[in-house]
Amino acid sequence: MINKTVPNVTQALKGVKNNMTLLLGGFGLCGIPEKAIAELVRLEVMNLTCISNNAGIDDFGLGLLLQQKQIRKMIASYVGENAEFERQMLSGELEVELIPQGTLAERSRAAQAGFPGFYTPAGYGTEVAEGKEVREFNGKMHVLEKAFEADFGFIKAWKGDEAGNLIFKGTARNFNPNMCGAAKITVVEVEELVSAGSLDPNQIHVPGIFIQRIFKGTGYEKRIEQRTVRSKT
Amino acid sequence: MINKTVPNVTQALKGVKNNMTLLLGGFGLCGIPEKAIAELVRLEVMNLTCISNNAGIDDFGLGLLLQQKQIRKMIASYVGENAEFERQMLSGELEVELIPQGTLAERSRAAQAGFPGFYTPAGYGTEVAEGKEVREFNGKMHVLEKAFEADFGFIKAWKGDEAGNLIFKGTARNFNPNMCGAAKITVVEVEELVSAGSLDPNQIHVPGIFIQRIFKGTGYEKRIEQRTVRSKT
Amino acid sequence: MALDKNGIAQRIAQELKHGYYVNLGIGIPTLVVNYIPKNIDVEFQSENGVLGMGPFPFEGDEDADIINAGKQTITTLKGASFFDSSTSFAMIRGKHVDLTILGAMEVSETGDIANWKIPGKMVKGMGGAMDLVASAENIIVAMMHTNRAGMSKLLKSCSLPLTGVGCVKKIVTELAFLEIGPTGFILLETAPGVTVEQVIQATQGNISVANDVCEMSF
Amino acid sequence: MALDKNGIAQRIAQELKHGYYVNLGIGIPTLVVNYIPKNIDVEFQSENGVLGMGPFPFEGDEDADIINAGKQTITTLKGASFFDSSTSFAMIRGKHVDLTILGAMEVSETGDIANWKIPGKMVKGMGGAMDLVASAENIIVAMMHTNRAGMSKLLKSCSLPLTGVGCVKKIVTELAFLEIGPTGFILLETAPGVTVEQVIQATQGNISVANDVCEMSF
């Protein structure tokens, strides 16, 4: 067993520098790497390119990096929950590339799996396809999309073992598995870190080979964006 | 919940006809759809194109279809375990297309996921790339490979529920998950069929949406190709 | 009398068929779950990674790790499953999802749809909508027929940046149920109390009236 | 005295480094597991879908559902995982596997490799070999230096259909440890009792001798 554990978030983020490109898991505030984001704020690394489905809200998630103006460019699919984001984007302070959600997932997986490019129908005939190659297959037009290239990937899992094997919970899974191994260094934070052999080999969502560093985070806030309930009557 | 269960293998293979293209899961004899293969033999459907990593052995797996000369064309990555296969291939009775194993897996997944094509480095500069488009990305040559098109997919899972959710065991997983949803109709046989709600939604390997029919097989032989052991001393 | 949002959802729900996997967009489409016809089984997929979505949780049972694409806390039903985003879009792009219901700012007579951006003013992003409309064989748009200024949103061609080209099949508005045909919109049903003339007036794109046009029945 | 298969495996094992994920081909490469250096941790990946392979099972413990790429029954170690073929080749193609050790029928002085087909005679197929050699940064070939007729298998250019182009980095044969350099094979180490001259004689491709050429030490 190859041990991937590091003692804390500081060790986990060693080597993160200005101008880097980061992949960050999560959908809305669900399954985001809270501890890595807090450390990025503390490190004051600037001029980042962040690839993540959303940009957080004003005071949580990637919104914390936006507040400090640490992000130069954001690649996302949906950014509708963040007023500061909209302000920076419309003023031109922040460069923004919006791409289809499925394309975002697959460009991550392509990087993980060593595919330089693939053809998808998503975005054909729209702004998204501008400047990209398009091509017909079986009578339908497709766009050539390319694998992401990133320096660090920040992943949030539910449970992990010393070997870096991961299990996610509910919809907190989302982009996290697809981003594992998609950057040069993949850093995972987990709520529960167990010894190798504790997890059923048949039920691992992401094998440890895709990750370089794993640490246990504490005190997860897991903020809910839209608390919707029904009454018990 | 959408119920995908059918009572038996006969119902499960309804609609299989001569000249069809079939995807079959399994690696060697591990995780092969034993019951579907037996039914294909019984149905005497001829002139099949079979896509599967291997071609079975002389008297088991796809070897049973080869014996009856039901296969016109075989698409596989490794066929070294089957003398009858080699005879039919060298004599020209059987058309054979050998492709890299990773390409076989991904052409299945591309069909499942709606990608018409993707670029892989595997096979560049070899016979496999002949007649295919090649292209450079990041200074390295790649081959354009296309999604499979198949009529039926035959899958073997360990457990499944009424909704078609699947769990595989050990290395019997192999190509099975990638082939689910890759053909027009995906038929799954399982050792254990449980009611919907019995499986942990977090631990499903393949969601039921990718499959059309599921049935419980009985009396699995699960033949071992290479029984290797060590002594207890 | 024009339909309200619930009425639109109710009419769309009539298009559900037994065995359908359905992806519901944010807004009016979400309301469709309240009007599923009796005696049919459908399953709802949410692109953030869940199949078999159930109702909102009881108060106190909310789980931050279990949400829908609108970021709302939800529950799951028997037979549900969770999966990653790549698998979720495999379901969508691979045409395993049978029906997509989503909102729109504009739809053109050729089935183009715009719903993600108003240049210089509002840019929320396309989320999963571009993947959905590019792949789904069966797309129903739930939208208002006109904007607040009374201008038609069913146009000859969209003025806003497109989400997809020639993809919309059916449209339900507060005034009518329409489909896209070779020559433009086809009026199939009017909302209760709405006249054919009213629908034609409110439609800027080319519109024809089906021979068997009738009033919606609920 | 030339090495036997175990000797070849033992020399290759010296190339393993702490933290390596390793894919072993069928044949001689399989024997490498018996010579892993003390004090380093490595993990073995098998392309049929397992990481963390252990030794063969005890008699009676064989499980038909747990095999390696050679279709042999195996066990798993702590920290192991099972996965599908697409994920397995994501590990390989995505360069997450650090070292690939495989057999060959022929290797050329430019690092081409042929190991899957003898036209008209034998066609077993490439299995995962084409994916492995096209992607791995670090490939060691375990092979015999000459065939039964005494003809060299380290050639100017391969005569058999290729498995991959310009990909082989290192070669261990019964006679020598060599690497591929810009001008062809470079002899780094001779097997115990084998002379530099013998290796040069047995090599048809262009071969040069490293300044610090030495005998293998075990």
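Reminder, nothing fancy here: chain letters follow the sequence lines and each chain counts from 1. What you see is a predicted model, and the numbers here were worked out from it, not measured in a lab. The figures here come from the full heavy-atom set of this structure, side chains too, leaving out hydrogens, waters and symmetry mates.
Of the atoms belonging to C:Val97, heavy atoms from both backbone and side chain fall under 4.5 Å from chain B. Within the 4.5 angstrom heavy-atom criterion, no atom of B:Leu199 approaches chain C. In this structure, chain B has no heavy atom under 4.5 Å from any part of C:Leu77. Both the backbone and the side chain of B:Asn202 have a heavy atom closer than 4.5 Å to some heavy atom of chain C.
Counting non-hydrogen atoms of other residues, nucleotides and ligands closer than 6.0 Å to CD of B:Glu149 gives a total of 12 or fewer. By the neighbour-count criterion of 12 heavy atoms within 6.0 Å, atom NZ of C:Lys95 is densely surrounded, having more than that number from other residues, nucleotides or ligands. Residue-environment remark: NZ (B:Lys146) stays at or below the threshold of 12 foreign heavy atoms within 6.0 Å.
In this pair, B:Phe137 and B:His142 present their aromatic rings perpendicular. The plane angle is above 60°, beyond the 30 to 60° band.
Salt bridge present: C:Arg11 and C:Glu189 bring a charged side-chain N and a carboxylate O closer than 4.0 Å.
Chain B forms more heavy-atom pairs under 4.5 Å with one residue of C:Arg93, C:Glu43, C:Lys78 than with any other, namely C:Arg93.
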